[in-house]
Amino acid sequence: MALTREQMAQRVARELEDGFYVNLGIGIPTLVANYVPEGMEVMLQSENGLLGMGRFPTEDELDADMINAGKQTVTAVPGASIFNSADSFAMIRGGHVDLTVLGAFEVDVNGNIASWMIPGKLVKGMGGAMDLVAGADNIIVTMTHASKHGESKLLADCSLPLTGKGCIKKVLTDLAWLEIEDGAFHLKERAPGVSVEEIAEKTAGKLIVPDHVPEMTF
Amino acid sequence: MAGFDKVVGSYEEAMEGLQDGMTVIAGGFGLCGIPENLIGEIKRKGTRDLTIVSNNCGVDGFGLGVLLEDKQVKKMISSYVGENAMFEQQLLNGELEVELTPQGTLAEKMRAGGAGIPAFFTATGVGTPVGEGKEVREFNGREYLLEESIVGDFAIVKGWKADRYGNVMYRHTAQNFNPMAATAGKITVVEVEELVEVGELEPSQIHTPGIYVNRLIVGSFEKRIEKRTVTES
């Protein structure tokens with residue numbers, strides 16, 4: 001079975017380490033915050049200028065001046081800091097954020113990522129995504145392995161305009177955990193019950209499959 | 001006005017001198033920390049052909065979105081737009097031009113503009129449509145784009161507290177682009193919720209020193225919430 005959104009978030013959460021500063025994108029990446037292991041301290045960075053993002057506020061705590069990068073009302077955890085947008089992107093572009101998790105339309109064997117623009121459709125903008133992929137060393141892309149029509153999103157060459165060039169090394173899809181190295185996707189883990197053949201069939205870019213591909217457990 | 005007193009008596013006075021075709025840098029992120037009343041004054045004045053530099057363009061009927069109603073905006077320089085139907089319509093009609101700019105690059109363009117730095121190199125956007133036509137240079141084996149900074153004819157800023165000298169503090173994440181915008185206007189206009197006595201703000205806690213501020217006014221704000229998300233208590 002393909003992973004659910006919650007399982008994808010759970011799998012990404014296993015990459016967290018104690019003391020990590022983490023930026024989570026919109027969608028599945030946001031759910032990762034629900035699976036921070038017990039006893040582990042992780043600080044969430046929101047690029048509008050908040051380090052130490054907390055849960056959503058109660059009605060009583062609701063404050064128009066406290067939002068996250070998704071423009072949702074949020075709270076700050078004890079020990080949080082708030083700063084301006086230039087400082088926020090100095091953290092991101094300066095490589096100070098330990099882990100970035102974001103969604104994408106396509107990735108390719110050279111670590112290119114396309115996540116913001118589909119020609120012919122209305123383009124709303126890249127927001128902070130180009131800064132995040134250019135600035136972070138440790139990035140996990142979360143996305144479905146193939147489109148609804150069965151077309152692979154793991155390609156030899158991205159077909160859509162790029163968000164960043166040569167910056168992606170780890171991809172979690174609903175079918176597999178893959179790492180990108182030396183111009184190929186390396187299959188590291190597969191979703192429970194998903195065959196290597198299915199993954200290979202839905203991966204358009206070069207795929208390296210080791211003798212044993214462990215199944216994820218939840 | 002005398003000495004360092006930046007307070008003006010009306011919104012009309014606050015935006016005096018704004019002319020057709022000018023560039024206006026606006027603080028704010030989404031609808032958070034936006035200079036609501038200064039935007040309202042630009043609408044009232046009916047100034048046209050404006051280039052607006054702001055991370056977003058408000059929503060239909062609120063924030064910078066109101067300037068679209070009478071087609072006052074020629075060009076937006078933003079990282080994320082299109083939360084409003086009118087924006088989409090004018091963009092598709094070719095009545096509005098958009099220069100999409102990565103958020104960190106946008107913040108840095110303002111910061112650098114205010115600091116007298118005409119351009120800077122960044123890795124953001126290399127190999128993407130943002131990099132097309134821009135100079136690329138290699139430093140330590142990595143490619144970087146040359147991005148030019150931005151200075152506005154006006155900067156419009158929303159603060160929380162200020163004193164008459166124009167020393168400003170921002171509240172929570174309503175800070176966002178406001179401090180950079182404040183440095184990057186030839187004329188910087190700040191509107192705040194509260195005016196306090198000179199000397200009342202702790203000097204080390206001031207976000208925007210008064211040297212950047214030309215005009216200051218106290219307003220009342222709706223502070224509309226774009227995405228209201230709550231947890232059950």
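Chain letters run A, B, ... following the sequence lines, proteins first, then strands; residues in each count from 1. The structure displayed is predicted, hence computed values, not measured ones.
By number of non-hydrogen pairs under 4.5 angstrom with chain B, the leading residue of A:A64, A:G127, A:G135 is A:G127. In terms of heavy-atom pairs under 4.5 angstrom with chain B, the leader among A:S88, A:G128, A:P161, A:P57 is A:P57. Comparing B:G104, B:G131, B:G127 by heavy-atom pairs within less than 4.5 Å of chain A, the highest count is held by B:G104.
Both the backbone and the side chain of A:V123 come within less than 4.5 Å of a heavy atom in chain B. The parts of A:E47 that come within reach of chain B are both its backbone and its side chain, each placing non-hydrogen atoms under 4.5 angstrom from that chain. Of the two parts of B:S78, neither the backbone nor the side chain holds a non-hydrogen atom closer than 4.5 Å to a non-hydrogen atom of chain A. Contact annotation for B:P102: both backbone and side-chain heavy atoms come within less than 4.5 Å of a heavy atom of chain A. For A:N68, the part lying near chain B is the backbone, with the side chain staying farther off; criterion is any non-hydrogen pair under 4.5 Å. Neither the backbone nor the side chain of B:N178 has a heavy atom closer than 4.5 Å to any heavy atom of chain A. Of the atoms belonging to A:L122, it is side-chain heavy atoms, and not backbone ones, that fall under 4.5 Å from chain B. Contacts between A:F56 and chain B at a heavy-atom distance below 4.5 Å involve backbone atoms as well as side-chain atoms. Of the atoms belonging to B:L91, it is side-chain heavy atoms, and not backbone ones, that fall under 4.5 Å from chain A.
A:T58 places no side-chain N or O within donor-acceptor distance of the main-chain N or O of B:T231, the cut-off being under 3.5 Å. Panel note: side chain B:T124, backbone A:A134; no donor-acceptor pair is recorded below 3.5 Å.
Shown here is A:I26, whose CD1 atom has no more than 12 heavy atoms of other residues, nucleotides or ligands within 6.0 Å. Counting non-hydrogen atoms of other residues, nucleotides and ligands closer than 6.0 Å to NZ of A:K206 gives a total of 12 or fewer. No more than 12 heavy atoms of other residues, nucleotides or ligands shown are found within 6.0 angstrom of CD on A:E41. Heavy-atom contacts from other residues, nucleotides or ligands closer than 6.0 Å to CD of B:E148 number 12 or fewer. The local environment of OH in A:Y21 is sparse, with at most 12 non-hydrogen atoms from other residues, nucleotides or ligands closer than 6.0 Å. Counting heavy-atom neighbours within 6.0 Å of B:D60 CG, excluding the residue itself, gives a total above 12. The neighbour count for B:I117 CD1, taken as heavy atoms of other residues, nucleotides or ligands under 6.0 Å away, is above 12.
Atom CG of B:N176 sits about 7.0 Å away from atom CD1 of A:I67, to the nearest 0.5 Å. In this structure, A:N48 CG and B:Q175 CD are separated by 10.5 Å, a value rounded to the nearest 0.5 Å. For the atom pair CD of A:Q72 and CZ of B:R228, the computed distance is 13.0 Å after rounding to the nearest 0.5 Å.
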Check your understanding: Stepwise, does the side-chain contact (heavy atoms from CB on, under 4.5 Å) test hold for B:H207 with A:N84?
Key -> CA-CA 9 Å; B:H207 294 115; A:N84 67 51; over 6 Å; no
Exercise for review: Take B:T128 and A:M126 through the side-chain contact (heavy atoms from CB on, under 4.5 Å) test and state the conclusion after the steps.
Suggested key: CA-CA 11 Å; B:T128 77; A:M126 69 292 282; over 6 Å; no
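Every residue two or more places apart in sequence or in another chain that forms a ring pair (Phe, Tyr, Trp, His ring centres under 6.0 Å) with B:Y144 is listed here: B:F139.
In the model, B:R111 has no side-chain atom that pairs as donor or acceptor with a side-chain atom of A:S85 under 3.5 Å.
When all heavy atoms of B:V230 and A:E59 are compared, the pair lying nearest together is CG2-OE2, 3.9 Å.
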Solution key, residues 113-121 of chain A side-chain donor-acceptor pairs under 3.5 Å, sequence neighbours excluded:
{"unit_1": "A:S115", "atom_1": "OG", "unit_2": "A:T163", "atom_2": "OG1", "d": "2.8"}
{"unit_1": "A:W116", "atom_1": "NE1", "unit_2": "A:L162", "atom_2": "O", "d": "2.9"}

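Between B:E108 and A:R93 no salt bridge is recorded (no basic side-chain N to carboxylate O distance below 4.0 Å).
Counting heavy atoms from C-beta outward, A:M130 and B:T105 have side chains that stay 4.5 Å or more apart.
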